[in-house]
Amino acid sequence: MEVKQGKLLELIEKQNEYITQLERENQKLSEQQRFMAIEYQKMSDLSRAQMLMVKLLGTDMQKIAEGDYSVHKIPEKEMKDIKRKIMDIIGKEI
């Protein structure tokens, strides 16, 4: 009977080791996911800011992608709105 209990105890200890290892790996994965989410948000913010900066020139990314590099003057009110949006995204005055 002691042999079976010893084997059982050994199996339980091994199982606990596996569970601990899985919990550590799960924690690492959660940290990686959090990091990736933060990086994705940064890239998304940067992309939005760049698109708005192009709008300050009086054009947009679609036109540029199509090969139309012409620009036009935008109204002062619209320019202020765009600058405010950019500042909200990047957290700095431009």
### Task
Kindly indicate, with the supporting measurements, whether the criterion side chain to side chain contact (heavy atoms under 4.5 Å, CB included) is fulfilled by Val54 and Gln50.
CA-CA 6 Å; Val54 169; Gln50 287 174 334; 5.7 Å; no

### Message
side chain to side chain contact (heavy atoms under 4.5 Å, CB included) for Thr59 and Ile64? Distances and angles first, verdict last.
### Response
CA-CA 8 Å; Thr59 189; Ile64 292 172; 4.0 Å; yes

#### Entry: Nearest atoms (heavy-atom pairs only) where Leu52 meets Ile89
CD1-CD1, 3.7 Å

### Query
Is Leu46 reachable from Ile82 through a run of hydrophobic residues whose side-chain heavy atoms are each under 4.5 Å from the next?
no

### Intermediate values then yes/no, side chain to side chain contact (heavy atoms under 4.5 Å, CB included), Lys55 and Ile74
CA-CA 9 Å; Lys55 268 185 134 178; Ile74 60 171; over 6 Å; no

### Query
Are Tyr69 and Met51 connected, step by step, through hydrophobic side chains (Ile, Leu, Val, Met, Phe, Trp, Tyr) whose heavy atoms are closer than 4.5 Å?
yes

### Task
Examine the side chains of Glu23 and Gln27 and answer whether a donor and an acceptor come within less than 3.5 Å of each other.
no

### Task
Decide, yes or no, whether a salt bridge links Lys63 with Glu66 under the criterion of side-chain N to carboxylate O below 4.0 Å.
no

### Query
Is the closest basic N to carboxylate O distance between Asp45 and Arg48 below 4.0 Å?
yes

### Query
Do Met36 and Met43 belong to the same hydrophobic cluster, where Ile, Leu, Val, Met, Phe, Trp and Tyr are linked whenever their side-chain heavy atoms lie under 4.5 Å apart, directly or via other members?
no

### Task
Without swapping roles, check the side chain of Thr20 against the backbone of Asn16 for a donor-acceptor pair under 3.5 Å.
yes

#### Entry: Test side chain to side chain contact (heavy atoms under 4.5 Å, CB included) applied to Leu56 and Met79, step by step
CA-CA 6 Å; Leu56 284 175; Met79 183 180 291; 3.7 Å; yes

### Task
Decide, yes or no, whether a salt bridge links Lys28 with Glu25 under the criterion of side-chain N to carboxylate O below 4.0 Å.
yes

### Task
Using a strict cut-off of less than 4.0 Å between a Lys/Arg side-chain nitrogen and an Asp/Glu carboxylate oxygen, indicate whether Asp88 and Arg84 qualify as a salt bridge.
yes

### Query
Taking Ser30 for the side chain and Asn26 for the main chain, is one N or O donor matched with an acceptor at less than 3.5 Å?
yes

